[in-house]
Amino acid sequence: MQYRIDKKSGNRLSVLGFGCMRFPKNLGITDMRKSEDLVMAAIAGGVNYFDTAYIYPGNEEALGTILDKNKVRDKVYIATKLPVVMAKGPNDFEKFFNKSLERLRTDHIDYYLLHMLTDTDQWQRLRAWGIEDWIAGKKKSGQIRQIGFSYHGKQGDFLKIVDDYPWEFCQIQYNYSDENFQAGVTGLRKAAEKMPVMIMEPLLGGRLADALPRDAVSIFKKAGADISPAGWGLNWVWNQNEVCLLLSGMSAKSQVEENLRLAEKALPGMLGEGEKDVYRRVLEVINKAYRIRCTGCNYCMPCPKGVNIPGCFAGYNASFSIGYVAGMQQFVTSIGVTSEKTGSPSHCVRCGTCEGHCPQHLPIIKNLEIVRKKMEPFWFKAGIAVFRKILGRGEQKGA
Ligand code: SF4
Ligand code: SF4
C-alpha cells in the first residue's frame, strides 16, 4: 500500500480509501458478513481511511459494528458527514453529530465533512447559523479531529468556499472523464495548495468500470490485459500529485483484491506518455458516444441566469453514453437541484451572452432546448418539487 501524508494533520493515509456507501446488500439491507469480509481484507491490505455518511441508510451502523467487533477502530480513520441539506437550524448540527458518534460506536470523528455543499449561499446560511463556532467547540473537545467539506456544485463557488474558511481537507468528484466538471482540475490544484484533497467518484459511480462503450473497453484491454477498466480509472487519479487519496466503493472481494494490488504502485507521475495516450483514445470513444461536443471548458460561463451550460450538456451526453438514469443523476447534480440557484435549461432566456465565447462554436441556445426536451420531461418539475419538499427546501426558484 502506498501512503500520502495529510499535510494538515501529519496523518499517513492510504491512497486507497474505502467508500462504504456501496457495501454489499441483500434486498436493500447491508449484508454484514460480506461487508465485514471486505472491510477486514482492506485493513489487512493497508487501507486506513473509511468514508461513510449520516444519510447513507444503515451505513454508519454497519461500519461501526464491524470496526467495534474486530477491535480495529484505532487502526483506521473514519470520515463521516453532516447532512447539510437536512439541517433546519443550528440545533441540528449537534443532533446529527451525536447520532453519527452513536452509530459508529466511537467518541470522535477523524475526518468530518459538511456533506454536499453546492454553492456559496448554502455555506453562508450555515455560517449565519453559527457553524464556525460549533466546529470550533467540537475541535476543542477533540470530537472532530479534521474538518472539511464535500462538494457538488460549480467551480466558481468551489474556489470561493475553499478561500472562505481554514478547511483541513475537502472531497471532490474527479476522474478522467470529469477533468473539467464541478471543481475540476483547476479546483483540485487550487484546493491542494491549501489542504489534502480526497477524491470521490473516481469511476463515476462505477460507470467508468462497467458502463463504458464497448470500443473503450477494448482499448483498455489491449493496452493492459491485467488491469480492468476500473483499474485504469483509479490509476489516472493516483497519477496526480495533488490527490491525497481516492475513495473506491468496493462491493466485491475481487474489487478489493485488484484495488489493493494497484494501490501498491500508486505513485504520482507513474503514467507514461503511452498510457496517457490510451486515456485520450478512450475519451475519444466516449466523446463520440456523446451528442453535444462540449469540452466542459467553461468559457461560456457564467450565465446571467445561472444555467450550468457545461453541466447540462454533460448530463445529456451521459444519458446516451452510460444510460438515461445515470445521465439524469448527473444532470440533476450538475444543475444544483438542492440549491436555491438551480440552473437548468428551462432558465435560459436566450440572451445570447454565452454563444460568442464558445471555442467549439456550439449553438448553445439550440442545444439547451434539445437538452430541456430530453432532461426536463413533463414530470420533472413535480419530481423536483417533491424531492425538495422531502429535503425541506421549499420551491425551486424560477422553475
Ligand atoms: S443564452 Fe441562455 S444560457 Fe446563454 S447566457 Fe443567456 S440565459 Fe444563459
Ligand atoms: S464554451 Fe462551449 S465547449 Fe466550453 S463549456 Fe461552454 S458550451 Fe461547452
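Below, each value reflects all heavy atoms present in this structure, side chains not excepted, and no hydrogens, waters or symmetry copies. For ligands, and for the atoms within them, numbers begin at 1 and follow the listed sequence. Note that the numbering runs from 1 along the sequence shown for the chain.
Around atom NZ of Lys190, no more than 12 heavy atoms belonging to other residues, nucleotides or ligands sit under 6.0 Å away.
Neither the backbone nor the side chain of His347 comes within 4.0 Å of ligand 1, counting heavy atoms alone. Residue contacts with ligand 1 for Ile309 involve side-chain atoms from C-beta outward but no N, CA, C or O (heavy atoms, distance under 4.0 Å).
Closest to atom 1 (S) of ligand 1 among all protein heavy atoms lies Gly352 N, 3.2 Å. In this structure, the protein non-hydrogen atom closest to atom 4 (Fe) of ligand 1 is Cys354 SG, 2.3 Å. The protein heavy atom nearest to atom 7 (S) of ligand 1 is Val349 N, 3.4 Å. Atom 6 (Fe) of ligand 1 has Cys351 SG, 2.3 Å as its closest protein atom, hydrogens excluded (heavy atom only). Closest to atom 8 (Fe) of ligand 1 among all protein heavy atoms lies Cys303 SG, 2.3 Å. The protein heavy atom nearest to atom 3 (S) of ligand 1 is Leu368 CD1, 3.5 Å.
Listed by number with element, the atoms of ligand 2 under 4.0 angstrom from any heavy atom of Cys300 are 1 (S), 5 (S), 6 (Fe), 7 (S). Ligand 1 places these atoms under 4.0 Å from at least one heavy atom of Ile365: 1 (S). Near Pro304, meaning under 4.0 Å from one of its heavy atoms, ligand 1 places the atoms 5 (S).
Test Lys138, Lys139, Arg127 against Glu132 for salt bridge (charged side-chain N to carboxylate O under 4.0 Å, His left out) and you get one pass: Arg127. The only option from Phe149, Phe50, Trp167, Phe169 that meets the ring pair (Phe, Tyr, Trp, His ring centres under 6.0 Å) definition with Tyr111 turns out to be Phe169. With Tyr112 as reference, Leu82 is the one residue of Ile135, Ile78, Leu82 to meet the side-chain contact (heavy atoms from CB on, under 4.5 Å) rule. Residue Asn259 is tested with Leu246, Leu234, Val47, Val15 for a side-chain contact (heavy atoms from CB on, under 4.5 Å); the sole match is Leu234.
With respect to Arg372 and Glu369, a salt bridge is recorded, a charged nitrogen being found less than 4.0 Å from a carboxylate O.
Gln255 and Ser248 share no donor-acceptor pair across their side chains, judged by distance under 3.5 Å alone.
With a cut-off of 2.8 Å, atom 8 (Fe) of ligand 1 has no N, O or S atom of Cys348 in range.
A heavy-atom distance below 4.5 Å is not found between the side chains of Leu114 and Lys81.
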